Amino acid sequence: MELRVSLRLFFLSCFVWHVLGTCYYFQGPYNTFLQFNTDTILFSHRSYFQLSFKTQNDSGLLYYTESKFESGETTLDYEGIYIYEGKLHYFIFNPQKYGTGSSRGAHVITDFDVNDGVWHKLEFFRNKEAEVPAGFSGDGYKKVNQTGLTVDGKSYVNDGTLNEMDVTKQSLFIGGHPKLSKRIDQSGKLGAFDGYIKDIEDLLTGKELFPEQPGELRESEFCGEP
Ligand SMILES: *[C@@H]1O[C@H](CO)[C@@H](O)[C@H](O)[C@H]1NC(C)=O
Ligand SMILES: *[C@@H]1O[C@H](CO)[C@@H](O)[C@H](O)[C@H]1NC(C)=O
């Protein structure tokens with residue numbers, strides 16, 4: 001009896017330990033960020049990530065990735081999630097590589113402010129398969145690809161399939177970017193993320209993502225609380 005109870009406690013504590021991911025503290029004015037190597041993150045065709053964040057700042061970059069940057073090159077694919085005037089945006093720019101200049105992308109925005117100083121659970125995805133009512137085209141459900149955000153269970157999505165992004169063997173950034181003001185925030189309106197981020201996970205593999213080099217953590221401190 002005793003053993004069973006303590007075994008149960010043991011498994012319970014493993015479970016609790018597992019579900020509480022790493023938490024990081026970002027200091028926006030110092031442009032602190034985490035950098036992840038994408039060699040083992042497969043997200044060029046489709047992606048599905050999760051993180052939780054907490055901030056009081058009405059602007060800041062949460063997530064960013066791009067294809068290999070070449071100055072003067074016009075076919076740079078990139079996508080980013082940022083807070084601007086309190087709303088959360090997911091912006092994807094994905095021009096055709098050898099096309100007629102047509103470009104594909106997406107932009108979804110929450111209709112509520114997220115900089116209220118409490119934790120928000122965010123899922124963001126590109127070309128995630130979902131089932132939606134078939135509507136006039138028939139009974140039941142049909143499969144579509146969806147791109148967008150789910151914040152605290154509320155979804156902001158576009159239906160349709162986006163082009164593959166040229167992001168393998170690049171880097172993925174959370175909370176800022178080393179060339180933030182030069183490349184991403186030329187207007188100076190955005191800035192780096194200011195607050196806490198935790199539980200950064202690739203939901204396609206179910207794995208927590210850990211930053212590339214301890215060096216990148218140098219300027220970020222672990223949260224003082226779970
Ligand atoms: C918001 O973040 C920006 C950029 O990091 C910083 O300059 C600004 O002081 C912050 N604002 C507030 C109200 O904390
Ligand atoms: C969803 O996108 C993938 C490519 O990422 C494509 O192969 C698949 O056919 C798409 N599914 C639907 C239902 O459009």
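Keep in mind that this is a model prediction, so the values were computed, not measured. Atoms within a ligand are numbered from 1 in the order they appear, just like the ligands themselves.
Of all atoms in ligand 2, numbered sequentially from 1 with element shown, those under 4.0 Å from a heavy atom of K143 are 13 (C). Atom numbering of ligand 1 starts at 1 in the shown order; those under 4.0 Å from a heavy atom of A192 are 5 (O). Taking every non-hydrogen atom of H45 and a distance limit under 4.0 Å, the qualifying atoms of ligand 2 come out as 5 (O). Within the listing of ligand 2, atoms 1 (C), 2 (O), 3 (C) sit less than 4.0 angstrom from a heavy atom of R46.
Using bins of under 30°, 30° to 60° and over 60° for the plane-to-plane angle, the ring pair F124/F49 lands in the tilted bin. Relative orientation of the F193 and F26 rings is perpendicular, given thresholds of 30° and 60° on the angle between their planes.
Other residues, nucleotides and ligands place more than 12 heavy atoms under 6.0 Å from the CZ atom of F112.
Salt bridge status for D111 with K154: present, with a side-chain N to carboxylate O gap under 4.0 Å.
Checked against a 3.5 angstrom limit, the closest N/O atoms of P29 and ligand 1 fall inside it.
In terms of modelled atom types and a separation under 3.5 Å, the side chain of N31 and the main chain of A192 share no donor-acceptor contact. Between the S52 side chain and the W119 main chain, no donor and acceptor come within less than 3.5 Å of each other.
Contacts with ligand 1 closer than 4.0 Å are made by no heavy atom of S59, backbone or side chain.
Looking at atom 10 (C) of ligand 1, its nearest protein heavy atom turns out to be N57 ND2, 2.4 Å. Shortest contact from atom 5 (O) of ligand 1 to any protein heavy atom: G28 C, 2.9 Å. Scanning the protein for heavy atoms near atom 11 (N) of ligand 2, the closest one is N145 ND2, 3.1 Å.
Atom 2 (O) of ligand 2 lies below 4.0 Å from at least one non-hydrogen atom of the protein. There is no protein heavy atom less than 4.0 angstrom from atom 7 (O) of ligand 1.
For G160 against T147, the heavy-atom pair with the smallest separation is O-OG1, 4.5 Å.
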For this session: Evaluate side chain to side chain donor-acceptor pair (under 3.5 Å) for Q170 paired with T65, printing each intermediate quantity in order.
Result: CA-CA 8 Å; Q170 305 303 320; T65 191; over 6 Å; no

